[in-house]
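In the text below, chain A, chain B and the rest are named by the order of the sequence lines, each starting its count at 1.
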There are 2 protein chains.
Amino acid sequence: MSLPAPSSRRGRKFDQVLDGARQVFMTQGFEAASVDEIARAAGVSKATLYSYFPDKAQLFVAVVRNECNRQAETAVADIPRDAAPEQVLEQVARHIVGFVLSDFAQAVFRVCMSESERFPELARAFYDSGPRLGHDRISEYLTEAVAAGKLHIDDIPLAADQFAELCKTQLWMRAVFGIQTKFSRPEVDRVIRGAVDTFLARYGA
Amino acid sequence: MSLPAPSSRRGRKFDQVLDGARQVFMTQGFEAASVDEIARAAGVSKATLYSYFPDKAQLFVAVVRNECNRQAETAVADIPRDAAPEQVLEQVARHIVGFVLSDFAQAVFRVCMSESERFPELARAFYDSGPRLGHDRISEYLTEAVAAGKLHIDDIPLAADQFAELCKTQLWMRAVFGIQTKFSRPEVDRVIRGAVDTFLARYGA
DNA sequence: GGGACAATAGACCTGTTAGTTCAGTTTCGG
DNA sequence: CCGAAACTGAACTAACAGGTCTATTGTCCC
């Protein structure tokens with residue numbers, strides 16, 4: 001009769017469940033993932049699974065929320081404020097590209113987007129913990145750089161997003177569609193160089 | 001005993017099936033869509049449906065292929081070659097934004113991407129009929145403009161994609177996640193102006 | 001050690017799915 | 001207006017889904 005406290009008692013099995021669910025949901029999406037498969041992947045029985053989560057939907061939400069948090073942590077990298085804009089931007093670009101092309105970020109993106117109808121709050125969570133976070137970080141830096149006279153930008157929020165967008169050129173689209181999954185260093189460098197050069201052509205001092 | 005010729009005899013019912021399947025698949029995705037619902041939406045019995053398509057998967061493929069072709073047609077808009085780059089680019093940008101934000105393109109994108117694991121050939125079809133087609137058109141124009149001395153571009157394929165990417169700034173991401181679905185004219189204008197200005201700052205004569 | 005109880009596995013239940021079949025009805029060319 | 005082909009609608013199967021139940025195991029406190 002008595003359920004174990006659903007969210008307080010988080011033992012070994014709890015993590016196993018979340019982990020198995022992550023594996024399955026992130027590759028299959030919500031509908032296509034079966035609870036049996038999740039239980040199997042987690043090395044746990046269905047009853048155990050259902051003792052921690054009331055239903056499949058809430059397990060899904062928990063998994064994605066978890067991934068979004070991980071994502072937020074990954075995305076937080078400090079920007080060295082003092083270097084020349086060209087160097088700073090290159091570093092930021094490299095970080096963005098690396099993140100955006102990672103299997104992890106792509107899986108989360110894919111799942112959030114395709115289930116954004118069914119679970120709108122997850123799309124929001126993804127956006128806040130990924131794109132929006134990045135946007136805010138870049139905006140902060142740009143604001144400082146403008147104040148220091150290193151850059152000239154009228155519309156900082158727009159510029160920040162433009163830069164992020166430029167970094168994805170040719171890479172992201174191909175990656176999400178599985179048209180090209182691995183990119184060589186020269187390929188990436190070409191895009192990054194292009195992004196920085198174009199950005200600075202417009203906003204450079 | 002005798003099946004109707006599966007692909008030659010394409011009567012009224014055939015189109016009804018494809019149409020009903022389009023409605024359901026484009027909103028629900030592959031897994032979540034049930035064949036009964038498709039038949040209902042098509043105003044057709046399941047037996048009829050299965051007389052045209054051997055199974056759900058191939059019906060899905062047919063629908064998406066169809067949508068990709070429609071997409072290709074929509075995307076093909078002639079570029080007025082003679083105007084000044086600023087005007088041409090603005091027009092192209094407006095076209096890109098309009099297309100990218102359309103319910104139609106978003107539905108196709110969403111479905112292709114979330115099923116790209118199960119149906120890799122559809123992801124490819126989408127890419128070829130959308131992003132790649134646009135890329136080729138823009139590249140053509142840029143090549144001419146460079147030859148005419150109106151623009152200075154070293155890496156045309158990269159520049160074409162950069163421009164397309166700049167056009168999506170702030171708009172596309174929010175749209176696919178359902179964070180913002182309608183955009184006012186000023187909002188769009190701001191992005192387009194930003195895209196053209198940034199592009200010309202780098203590549204303008 | 002022993003009893004109480006949470007944790008667990010796996011069979012089980014109910015509903016739904018894709019896909020098939022078929023007897024009867026509609027449609028339509030000749 | 002006839003006959004054949006297209007079509008319907010409902011019943012059917014086999015598989016599988018999410019979720020529950022019961023019987024068993026492991027573990028902690030006295």
For [X], side-chain hydrogen bond (donor to acceptor under 3.5 Å, both in side chains) partners two or more places apart:
X      : answer
A:E187 : A:Q180, A:S184
B:R137 : none
B:D155 : A:R190
A:R65  : none

### Task
Would you tell me whether A:T169 and B:E165 have side-chain atoms, one donor and one acceptor, within less than 3.5 Å of each other?
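Short answer, no.
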### Query
If an axis is fit to five pairs at each end of the helix from C:dG1-D:dC30 to C:dG30-D:dC1, what is the angle between the two, to the nearest 10°?
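Roughly 20°, once rounded to the nearest ten degrees.
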### Message
For residues 37-49 of chain B, which residue pairs pass the salt bridge (charged side-chain N to carboxylate O under 4.0 Å, His left out) check, not counting sequence neighbours?
### Response
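Of all non-adjacent pairs touching residues 37-49 of chain B, those that pass salt bridge (charged side-chain N to carboxylate O under 4.0 Å, His left out) are B:D36-B:K46.
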Just the table, please: protein N/O against nucleotides 14-18 of chain C N/O, every pair under 3.5 Å.
| residue | atom | partner | partner atom | Å |
| --- | --- | --- | --- | --- |
| C:dA18 | OP1 | B:A33 | O | 3.1 |
| C:dA18 | OP1 | B:V35 | N | 3.4 |
| C:dA18 | OP1 | B:K56 | NZ | 2.9 |
| C:dA18 | OP2 | B:V35 | N | 2.8 |

Euclidean distance, atom [atom1] of residue [X] to atom [atom2] of [N] [Å, nearest integer]:
X     : N      : atom1 : atom2 : answer
B:F53 : D:dC7  : CZ    : P     : 12 Å
B:K13 : D:dG9  : NZ    : C1'   : 12 Å
A:L59 : D:dG18 : CG    : P     : 11 Å
A:R40 : D:dG18 : CZ    : P     : 11 Å
B:Y52 : D:dA5  : OH    : P     : 14 Å
A:Q16 : C:dA9  : CD    : P     : 9 Å

### Query
Once the angle between the rings of B:F119 and B:F60 is folded into 0 to 90°, is it parallel (under 30°), tilted (30 to 60°) or perpendicular (over 60°)?
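Taking B:F60 first and then B:F119, their aromatic rings sit tilted (interplane angle of 30° to 60°).
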### Query
Mind checking what makes ring-ring contact (aromatic ring centres under 6.0 Å, His included) contact with B:F126, not counting sequence neighbours?
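With sequence neighbours excluded, B:F126 shows a ring-ring contact (aromatic ring centres under 6.0 Å, His included) to A:F177, B:F109, given in chain and number order.
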### Message
Taking 4.0 Å as the cut-off, does a side-chain nitrogen or oxygen of A:S45 come that near to OP1 or OP2 on C:dT8?
### Response
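A:S45 to C:dT8 OP1/OP2: no side-chain N or O under 4.0 Å.
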### Message
By nearest heavy atom, map A:A47 and B:G43 onto DNA chain D; which one lands nearer the 5' end?
### Response
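This one resolves to B:G43.
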### Query
Quick one: side-chain contact (heavy atoms from CB on, under 4.5 Å) partners of B:T198, sequence neighbours excluded?
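Once residues adjacent in sequence are excluded, the partners of B:T198 under the side-chain contact (heavy atoms from CB on, under 4.5 Å) criterion are A:Q162, A:T198, A:R202, A:Y203, B:L166.
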